[in-house]
Protein chains: 2
Amino acid sequence: MAGKVAERRKVLREDLINIAEATIARDGLSGLRARDLATQAGCALGAIYNVFGDLNDLVLAVNARTFHALGTDVAAALAQAPQDPTDQLIVMGQAYHSFAAEHHNLWRALFDVERAEGEAAPDWYLAEMGQLFTYIHDPLASLNPKMTQADLLLLTKALFSSVHGIVLLGLDEASAGVRSHNIDAMISLILKQMTAPKSLW
Amino acid sequence: MAGKVAERRKVLREDLINIAEATIARDGLSGLRARDLATQAGCALGAIYNVFGDLNDLVLAVNARTFHALGTDVAAALAQAPQDPTDQLIVMGQAYHSFAAEHHNLWRALFDVERAEGEAAPDWYLAEMGQLFTYIHDPLASLNPKMTQADLLLLTKALFSSVHGIVLLGLDEASAGVRSHNIDAMISLILKQMTAPKSLW
DNA sequence: GTCCTATGCTGAACCGCGTTCAATTGTGAG
DNA sequence: CTCACAATTGAACGCGGTTCAGCATAGGAC
């Protein structure tokens, strides 16, 4: 039977991604153990390495899913948002925060995964990132019709990075009593002021 | 001889911190190995554990130094900055960027170190962080004399987080060709706009 | 059906690493 | 000098990712 092996591996691959996803969500990236994975998947320890080069590759597969889900959430928020570009940015920023808070361990794994020194980011990463940037770019472009592409790109990256930083540090101290609505307030504050008409351009 | 043991340990403690600092700076946090440390310090493997509870404690000691050096750099930049509060914020943000770029691995270790789930941050961390926040808070207060303390704190945290996010993501892709002056441009862009008079308060 | 070979699968073993603790060495009071 | 106690040592432990020699299986030839 042609492709029997390929199919078995495909099923195992999906199983392993599902289990790894659940494990990371529950215990964090450092809670992922090859032996536990094999036990839960009902496969041999070595079988993992027939499907993935190493555990890091498996984590990257989980991350691809996570990143895609993140993109979907942000897109859904954008679709329901008002027409006002500033509101759109705020809604997306808060959707980003919401996703990170609800899937904290999976979201952290996106950034905590080991990346080889000079290695280029995988295609799916660039594609998802590009999509997120487009969502941000478009409202900004409509707010600043005269801005050059280069400046728009800079602004896009700056705002994404700012929201990311606010969420990152905000969730880090979340256990220390920082309230979720404070994070949303900071996101809203930054985005409102950054899109306010007092233009510096 | 009184205190002979204590003195020997003190010297070893300093040696270990120095070696760990150099190792992290060269090879990153994951390049730190107990056996290498012992070899380089000319001590027994177990001796490390007479001085530090575990390797994480040693990393925290390195981080304390790094954080202090960061605070000193930012303070020095502030001291040489113009009187204009916005310029002061920009100079500090760029000093933060500069420190992170020049001591990338040590700076990353500040955030990559393992922190126990519910464990409170150590005192030195809170003290240094408070100092940094004061540097940011004061120019903001002079720019917004009518703002409440709570709002000022929110703005302070939001701006710190934003600059942190810009530097973090900027340096991550630094190998991928993002130029350092772009990071500075983003920092300047955010801080100028966020302190622009078009007040939302 | 039976044999045979090539291919896939398995899990015991390997290695590196943080950490421990029984055995050794050093210390200083009497 | 002696002794009791403390400090130091480094071999050994446990854990976890990864490998690979040996076993199982599939499927073609007859």
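Just so it is clear: chains get the letters A, B, ... in the order the sequence lines come, proteins before strands, and each one is counted from 1.
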Side-chain heavy atoms of A:Asn18 within contact of A:Arg65, under 4.5 Å: yes
Atom-pair distance (CG on B:Leu37; P on C:dT19), nearest Å: 12 Å
Aromatic centroids of B:His97 and B:Trp107 separated by under 6.0 Å: no
Heavy-atom side-chain contact between B:Gln40 and B:Arg33 under 4.5 Å: no
Ring pair (Phe, Tyr, Trp, His ring centres under 6.0 Å), paired with B:Tyr96, selected from B:Phe160, B:Phe67, B:Tyr135: B:Phe160
Per-nucleotide protein contact string for nucleotides 9-20 of chain D, where B marks a base within reach and S marks sugar-phosphate only (heavy atoms under 4.0 Å, - for neither): BBBB---BBBB-
d(CD1, B:Ile48; C1', C:dT20) in whole Å: 13 Å
Residue pair A:Phe52 / A:Ala61: nearest heavy atoms and the distance that separates them: CE2-CB, 4.0 Å
Any B:Pro139 side-chain heavy atom under 4.5 Å of B:Met92 side chain: yes
Neighbours of DNA chain D within residues 10-21 of chain B, by heavy-atom distance under 4.0 Å: none
Protein-nucleotide distance (B:Arg9, atom CZ; C:dT27, atom C1'), rounded to Å: 13 Å
Sequence-distant partners of B:Asp112, side-chain hydrogen bond (donor to acceptor under 3.5 Å, both in side chains), two or more places apart: B:Arg108
B:Gln193 side chain to A:Gln193 backbone, donor-acceptor under 3.5 Å: yes
